[in-house]
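Below is one structure, written out as structure tokens; comments come after it.
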Amino acid sequence: MTHEPPDDEYSIHWIRDVVDKVAERNVEEYRISSGKSVSGSIHLGFMRELVICDVIMRELRERGLKSCTLFIVDDFDPLRSLPGSSSLSLDEWAGIPYSDVPDEFGCCQSYGEHHANELIETFPEFGVDPEVIWHHKLYETPEMKQAVRTCLLNTDTIREILIEYVARDFNDEQQKEYIESIRSWYPATVVCPDCGRLQSGAKGEIVPNRVTNYDAEKDMVSFNCPACGHANTLPLDSIRVKLSWRVDWPAKWHVLDVTCEPAGKDHAVKGGSYDSGLEISRRVFGWEGPVKVPFEWVRIGGRDMSSSEGIVFIPKRWSAIAPPELYRFIMLKTDLNRAINIMPEKVPDMTDEFERLERTYYGIDAESAIDDELARLLYPLCLSGAVPEEFTPNIPFKFAIVMSQLESVIGSDMVMSRSEYAIQRQYSLESVSAESRRNIRRRLDRALKWVQEFGSNRDRVDVPDLVPSSIIETLTELDIRFLQGFLEKLRAEEMDDETLQSAVFGIARELGLKEKRAFVVLYRILISRKSGPRLAPFINMLGRDWVIRRITDALELVG
RNA sequence: GGGCUCGUGGCGCAGACAGGUAGCGCAGCAGGCUUUUAACCUGAUGGCCGCGGGUUCAAAUCCCGCCGAGCCCGCCA
């Protein structure tokens with residue numbers, strides 16, 4: 001039996017499914033949120049969450065719905081550890097909110113702001129534009145104060161929920177212990193007015209400065225700071241209070257009226273903080289809470305990215321070596337529950353793949369392995385800005401790898417004009433647009449950085465100023481005659497890649513020189529190696545005049 | 001101990017929710033008008049679909065068990 005594939009039962013892409021679900025909320029404005037603790041540099045993986053938020057927003061707008069994105073900088077969290085590179089003292093700053101810790105680099109208001117800004121600066125390139133909300137400032141608003149009050153008033157309910165969600169997989173003894181430990185627990189901590197700490201101790205031995213009592217009638221909060229010993233009972237309005245983990249999140253959802261928030265797998269697991277947060281939304285704040293969109297993590301080169309341990313690979317570093325649109329493409333094409341392992345050394349190949357999508361979108365490739373409808377959906381979502389009316393050609397990344405390394409040899413003007421010429425030939429263009437020229441420039445810059453950081457030895461091209469005498473000495477009588485013949489040919493006429501490649505073979509054969517040897521000789525003269533980039537295009541990149549001079553110089557050295 | 005996700009040619013992945021001859025990219029291999037070189041084009045090769053069992057005329061796909069990898073599950077975030 002055969003199946004007619006039902007058209008609308010299963011969607012072509014996860015974005016459609018997610019947006020369908022979000023749109024069901026039927027609200028006036030769809031608010032898509034994300035948040036990040038600023039314990040250090042925010043790595044490239046977090047950008048996945050921002051991109052997910054962004055495409056949900058874009059698709060909602062596409063459907064004529066009002067939508068925005070939010071990015072909450074969790075800078076009111078207490079500092080627990082410092083990266084090894086930091087000059088700050090952990091003893092001095094542990095337990096203090098990131099917004100109160102100074103910026104050791106001196107350029108921002110605080111430790112938290114510094115790391116947040118490092119990320120925020122890359123937003124335009126990556127095509128995201130969320131409203132930035134500073135957690136510590138949010139806590140100063142009357143709405144958030146009221147939410148804190150609501151949580152304190154509903155402490156019993158919150159305790160019940162936590163026992164239900166956190167302790168459900170415990171054995172009897174663990175359960176008893178947990179219930180006991182939470183008996184006099186309040187869902188909030190206090191910034192000590194004396195020492196400025198939310199908690200004492202660093203990672204592993206933390207004791208929070210927890211609210212020890214809340215007098216609802218007088219709206220008074222008691223605490224007993226474990227860091228400095230200061231104990232007091234003060235009006236809620238007069239002190240800085242922060243809600244606990246698992247409670248803070250639903251309070252923010254409520255105050256900011258969040259419709260949807262994606263969550264990494266650590267938070268999104270069944271019974272995890274997201275689920276308990278939804279339960280708190282229902283039973284404490286009286287609404288259903290946001291639409292949960294779980295997603296897997298991003299790894300780089302097979303290793304986890306983590307601010308505290310592992311490798312630091314920040315978005316800025318990505319945009320220095322690869323197009324941000326490519327990052328968005330990788331995020332969008334991969335299913336949400338798949339971990340993404342980014343391999344920087346594959347950037348050239350991945351860029352090619354992305355450009356296949358681009359050409360499919362513009363209908364330039366006659367046949368394409370990429371589905372038309374998928375290209376129509378995905379390509380615009382990959383771009384950081386509006387989709388240009390017409391295809392804007394660029395040089396292939398792999399061409400740029402070689403070309404960009406020649407700047408120091410032939411100068412950047414030559415590199416640009418030869419790159420433009422390559423595009424003109426490839427797409428049969430009369431002229432190259434200003435936009436294309438900007439693209440070329442960007443690509444050359446990225447290709448050069450890429451090859452320096454991630455290129456293999458084969459990718460690296462190093463043209464020495466002079467041909468070393470050690471190489472001159474290896475030239476035989478026949479080699480020299482070949483070089484003379486090739487020089488003549490070069491002087492005689494401008495040749496395209498194919499003609500030039502043939503000329504090498506032709507001249508070598510005429511003289512009875514082994515073809516392979518001819519190539520070795522030329523590569524040695526040019527780059528002191530016995531092989532290199534495909535020869536004729538490489539010579540044309542360097543330019544006829546330059547190569548003529550090079551060979552002439554070499555022949556002079558022979559004497 | 002409990003839970004979630006993943007396991008498909010050398011590498012990275014699609015196909016699994018609707019069971020019916022196993023696809024793509026990269027690498028490798030062979031070719032591109034008597035011209036091997038690493039922008040480009042063409043072609044062929046390469047897979048007990050983690051293992052075992054079950055359902056079915058038919059299983060990569062559905063069900064059960066096992067193995068392996070990753071992650072989450074006290075406080076704190």
Side-chain angles (χ1 to χ4, degrees), chain A residues 1-6 9-10 17 36-37 39 74 76-81 95 98 162 165-171 174 177-178 181-182 185 189 198-208 210 242 244-246 248-249 264-273 294 296-297 299 302 304 308 330 333-343 345-346 348-350 352-353 356 369-371 395-403 422 426 456-459 461 497-499 501-509 515-516 518-520 522-523 530-538 540-541:
Chain A
M1 91 188 134
T2 54
H3 295 279
E4 286 295 316
E9 204 169 323
Y10 291 95
D17 297 327
K36 185 79 184 90
S37 187
S39 50
D74 285 331
F76 200 37
D77 290 344
L79 187 142
R80 292 171 298 153
S81 63
Y98 291 119
L162 290 189
Y165 277 78
V166 178
R168 72 160 130 205
D169 293 327
F170 291 178
N171 60 36
Q174 284 174 315
E177 231 170 79
Y178 186 76
S181 76
I182 209 170
W185 174 98
T189 52
L198 275 162
Q199 61 190 27
S200 79
K203 214 169 187 173
E205 50 208 29
I206 289 165
V207 184
R210 192 165 293 291
K242 180 187 172 302
S244 295
W245 170 237
R246 283 183 188 262
D248 174 72
W249 212 5
K265 62 169 173 184
D266 49 342
H267 299 308
V269 283
K270 211 174 248 178
S273 55
E296 252 281 1
W297 287 351
R299 294 155 60 83
D304 278 334
S308 48
I330 297 167
K333 76 168 186 156
T334 312
D335 211 75
L336 290 175
N337 64 11
R338 296 297 294 225
I340 296 177
N341 185 14
I342 289 182
M343 290 183 293
E345 66 276 13
K346 295 255 171 165
D349 285 331
M350 293 191 294
D352 280 355
E353 192 189 343
R356 273 199 294 276
I370 300 164
D371 186 89
I395 48 175
F397 202 96
K398 289 169 190 172
F399 175 91
I401 290 170
V402 179
M403 200 45 136
Q426 192 181 345
S456 66
N457 280 337
R458 283 166 60 131
D459 297 316
V461 176
D497 293 351
E498 231 166 280
T499 317
Q501 189 88 3
S502 303
V504 178
F505 285 97
I507 296 164
R509 256 200 327 276
E515 291 146 1
K516 191 178 171 69
F519 280 92
V520 169
L522 283 172
Y523 281 121
K530 60 186 198 318
S531 62
R534 193 171 164 82
L535 189 65
F538 184 50
N540 276 332
M541 283 186 205

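Note that the structure is a prediction, hence the values are computed from the model and not measured. Numbers restart at 1 for each chain; the letters A, B, ... are given by sequence-line order, proteins then strands.
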Handout entry: B:U45 versus B:G23 - spacing of their C1' atoms, nearest Å
Key = 16 Å
Handout entry: For the student: nearest non-hydrogen atoms of A:Ser37 and A:Asp74, plus distance
Key = CA-CB, 3.7 Å
Exercise for the section: Specify whether A:Trp245 and A:His267 have parallel, tilted or perpendicular ring planes, treating 30° as the upper limit for parallel and 60° as the lower limit for perpendicular. Expected result: tilted
Practice task
Any chance you could measure A:Tyr98, atom OH, to A:Asp77, atom CG, to the nearest 0.5 Å?
Solution key: 6.5 Å
Problem - Point-to-point distance, once rounded to the nearest 0.5 Å, from CZ of A:Phe76 to OG1 of A:Thr189 - result: 7.5 Å
Exercise for the section: May I have the distance from A:Leu336 (atom CG) to B:C17 (atom C1'), rounded to whole angstrom? Expected result: 15 Å
Practice task
Indicate, with a heavy-atom threshold strictly under 4.0 Å, whether A:Gly532 touches base, sugar-phosphate, or nothing.
Solution key: base
Handout entry: Over all atoms of both residues, closest heavy-atom pair of A:Pro533 and A:Tyr523
Key = O-OH, 2.7 Å
Exercise for the section: Write down the distance between CG (A:Asp17) and P (B:A18), rounded to a whole number of angstrom. Expected result: 14 Å
Practice task
Return the minimal non-hydrogen interatomic distance between A:Val402 and A:Met541, and the atom names on each side.
Solution key: CG1-SD, 3.6 Å
Problem - Interatomic distance, A:Ile340 CD1 vs B:A14 P [rounded to whole Å] - result: 10 Å
Problem - Options B:U36, B:C40, B:C26, nucleotide nearest the side-chain atoms of A:Asp352 - result: B:C40
Exercise for the section: In whole angstrom, give me the gap between the C1' atoms of B:C66 and B:A30. Expected result: 44 Å
Exercise for the section: Please give the nucleotide sitting opposite B:C66 as a Watson-Crick or G-U wobble pair, both distances under 3.5 Å, or none. Expected result: B:G50
Exercise for the section: Identify the nucleotide, in any strand shown, that forms a Watson-Crick or G-U wobble pair with B:G25, with both distances under 3.5 Å; if there is none, say none. Expected result: B:C11
Handout entry: Any A:Arg80 side-chain N or O less than 4.0 Å from OP1/OP2 of B:C75
Key = no
Handout entry: Euclidean distance, atom CD of residue A:Glu177 to atom P of B:G74 [Å, nearest integer]
Key = 12 Å
Practice task
Consider the side chain of A:Glu296, meaning its heavy atoms from C-beta on, and name the nucleotide among B:A39, B:U5, B:A77 that approaches it most closely.
Solution key: B:U5
Problem - Gap between atoms CG and P, on A:Asn341 and B:C26 respectively (whole Å) - result: 19 Å
Handout entry: Nearest-angstrom distance, P atom, B:A27 to B:G54
Key = 43 Å
Completion exercise
Re B:C75: Watson-Crick or G-U wobble partner, both distances kept under 3.5 Å, found to be none
Completion exercise
Separation of B:C24 atom P from A:Ile330 atom CD1, nearest Å, is 21 Å
Problem - Candidates B:C75, B:A39, B:U36 - which lies nearest the side chain of A:Pro396 - result: B:A39
Practice task
Can you tell me, in whole Å, how much space there is between the C1' of B:G46 and that of B:A39?
Solution key: 27 Å
Practice task
Determine the Euclidean distance between corresponding C1' atoms of B:G25 and B:G68; express it in Å to zero decimal places.
Solution key: 27 Å
Handout entry: A:Lys346 side chain, from C-beta outward: closest of B:C11, B:A77, B:C72
Key = B:C11
Completion exercise
A:His267 atom NE2 is separated from B:A77 atom C1', nearest whole Å, by 8 Å
N/O-N/O pairs, protein side and nucleotides 2-4 of chain B side, under 3.5 Å:
from	atom 1	to	atom 2	distance (Å)
B:G2	O2'	A:Asp169	OD1	3.3

Practice task
May I ask which nucleotide in the shown strands pairs with B:A30, Watson-Crick or G-U wobble, both distances under 3.5 Å?
Solution key: B:U42
Practice task
Considering only atom P, compute the distance from B:C6 to B:C13 and round it to an integer number of Å.
Solution key: 13 Å
Exercise for the section: Using the closest heavy atom to pick a nucleotide of RNA chain B for each, name whichever of A:Phe399 or A:Lys333 lands nearer the 5' end. Expected result: A:Lys333
Practice task
Could you give the distance separating B:A16 and B:G53 at their P atoms, to the nearest angstrom?
Solution key: 26 Å
Completion exercise
Nearest heavy-atom contact between A:Lys242 and A:Pro78 is CE-CD, 4.4 Å
Exercise for the section: Could you measure between the two P atoms, the one in B:U8 and the one in B:C62, and give it in whole Å? Expected result: 16 Å
Completion exercise
Side-chain contact check for A:Asn337: nearest option of B:C71, B:C75, B:C6 is B:C6
Practice task
With RNA chain B as reference, determine whether A:Arg338 or A:Val402 sits nearer its 5' end, using the nearest nucleotide of each.
Solution key: A:Arg338
Exercise for the section: Grab the two heavy atoms, one from A:Met350 and one from A:Met343, that are nearest each other, plus how far apart they are. Expected result: CE-O, 3.8 Å
Problem - Sugar-phosphate, base or nothing in reach of A:Lys242, heavy atoms under 4.0 Å - result: sugar-phosphate
Problem - A:Asp459 bridged to A:Lys398 by N-O distance under 4.0 Å - result: no
Fill in the blank from the handout: Here the distance between atom C1' of B:U5 and atom CH2 of A:Trp297, to the nearest Å, is 12 Å
Handout entry: Donor-acceptor contact below 3.5 Å, side chain A:Gln199 vs main chain A:Ile206
Key = no
Practice task
Could you tell me whether the phosphate oxygens of B:C75, OP1 or OP2, come under 4.0 Å of any side-chain nitrogen or oxygen in A:Tyr178?
Solution key: yes
